[in-house]
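One structure below.
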Amino acid sequence: VFIPKNISFAMEHPILYGGLIILLIVFVLFSFIVLHFMFSRERKRKRAALATIAKDREIMKLALEGSNTFAWSMQGGLITFENSFWRYAKREGRPLLPEDLVEYIHPSYQKLFRNFIDSTDTKKSFQLLASFDQKNFRWWDVRCSVDHLSNGDTRTSGVVFDIQNFKNIE
């Protein structure tokens, strides 16, 4: 017949118990040190990546400011141009629906623009005549790429170039 002893494991095997406690403490401390090292290394990588992005963004901004090149995007059915585009066109900036933007486009290019907006291509480019300043029509080159977001929406980002000077040379 088995009669259980009411002696704790710590009292019956004090050296083994002490060794397990020390091993547990060392494991927990080692885990914290490794996690701290991993997080601080990741934090340094993130800072470096953000610094690189900020530097590249500043370089891009300087490059675009000195030219007739402007960024634009379309998400949720609204087209948004950067503020420098509206200053260049001497108009007050606001998000536009595609149909609002058609009003600025020469009638012979309006259908092409609608096809461009409705196209499912991921990379698009075309040239059109438009009068954003409502004075005279100028040639514009429109380029963009389409990203399909995880929520099912699409975001279109691109640039628009005023290429009137190049067309004049042609």
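Just so you know, these numbers come straight off a predicted model, no measurement behind them. When a residue number appears, it is its place in the shown sequence, counting from 1.
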Name each donor-acceptor pair under 3.5 Å that joins a side chain in residues 32-40 to protein atoms two or more places apart or in another chain, with its distance.
{"unit_1": "Ser40", "atom_1": "OG", "unit_2": "His36", "atom_2": "O", "d": "3.0"}
{"unit_1": "Ser40", "atom_1": "OG", "unit_2": "Phe37", "atom_2": "O", "d": "3.0"}

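- Looking only at distances, a side-chain donor or acceptor of Ser131 sits under 3.5 Å from a matching main-chain atom of Asn136.
- Rounding to the nearest 0.5 Å gives a distance of 3.5 Å between CG of Asp162 and OH of Tyr88.
- Every pair passing ring-ring contact (aromatic ring centres under 6.0 Å, His included) that includes a residue from residues 136-161 is listed here, sequence neighbours excluded: Phe85-Trp140, His106-Phe137, Tyr109-Trp139, Phe132-Trp140.
- Residues Arg41 and Lys44 have side chains not in contact (no heavy-atom distance under 4.5 Å, counting atoms from C-beta outward).
- Interatomic distance, Asn115 CG to Gln110 CD, rounded to the nearest 0.5 Å: 12.0 Å.
- Note on Phe166: it clusters hydrophobically with Phe70, by side-chain heavy-atom contacts below 4.5 Å among ILVMFWY residues.
- The shortest side-chain heavy-atom distance between Leu128 and Phe116 does not fall under the 4.5 Å cut-off.
- Counting only heavy atoms from C-beta outward, the side chains of Phe113 and Phe126 approach each other to under 4.5 Å.
- Here the CD1 atom belonging to Ile117 is positioned 6.0 Å from the NZ atom belonging to Lys124, to the nearest 0.5 angstrom.
- Annotation: the span from Met74 atom CE to Thr154 atom OG1 amounts to 6.0 Å, rounded to 0.5 Å.
- The CD atom of Gln127 sits 4.0 Å away from atom NZ of Lys167, with the distance rounded to the nearest 0.5 Å.
- One hydrophobic cluster, built from ILVMFWY side chains closer than 4.5 Å, cannot hold both Trp72 and Leu78; they sit in different ones.
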Pair Gln164, Asn68 - check side-chain contact (heavy atoms from CB on, under 4.5 Å), show working.
CA-CA 10 Å; Gln164 185 61 48; Asn68 296 335; over 6 Å; no
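- Counted within 6.0 Å of CZ on Phe9, heavy atoms from surrounding residues, nucleotides or ligands total more than 12; the atom is thus considered enclosed.
- Residue Val146 is not grouped with residue Val160 when hydrophobic side chains (ILVMFWY) are merged at heavy-atom distances under 4.5 angstrom, including chains of intermediate members.
- None of Leu29, Val28, Ile22 except one satisfies the side chain to side chain contact (heavy atoms under 4.5 Å, CB included) rule with Val26; the exception is Ile22.
- Comment: Asp141 engages Arg143 in a salt bridge, judged by a side-chain N to carboxylate O separation of less than 4.0 angstrom.
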For residues 91-104, run the donor-acceptor check on the side chains, cut-off 3.5 Å, and write out each pair with its distance to 0.1 Å, sequence neighbours left out.
{"unit_1": "Arg91", "atom_1": "NE", "unit_2": "Tyr104", "atom_2": "OH", "d": "3.4"}
{"unit_1": "Arg91", "atom_1": "NH1", "unit_2": "Gln134", "atom_2": "OE1", "d": "3.2"}
{"unit_1": "Arg91", "atom_1": "NH2", "unit_2": "Tyr104", "atom_2": "OH", "d": "3.0"}
{"unit_1": "Glu99", "atom_1": "OE1", "unit_2": "Arg114", "atom_2": "NH2", "d": "3.3"}
{"unit_1": "Glu99", "atom_1": "OE2", "unit_2": "Arg114", "atom_2": "NE", "d": "3.4"}
{"unit_1": "Asp100", "atom_1": "OD2", "unit_2": "Leu97", "atom_2": "N", "d": "3.4"}

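- At most 12 heavy atoms of other shown residues, nucleotides or ligands fall within 6.0 angstrom of atom CD1 in Ile15.
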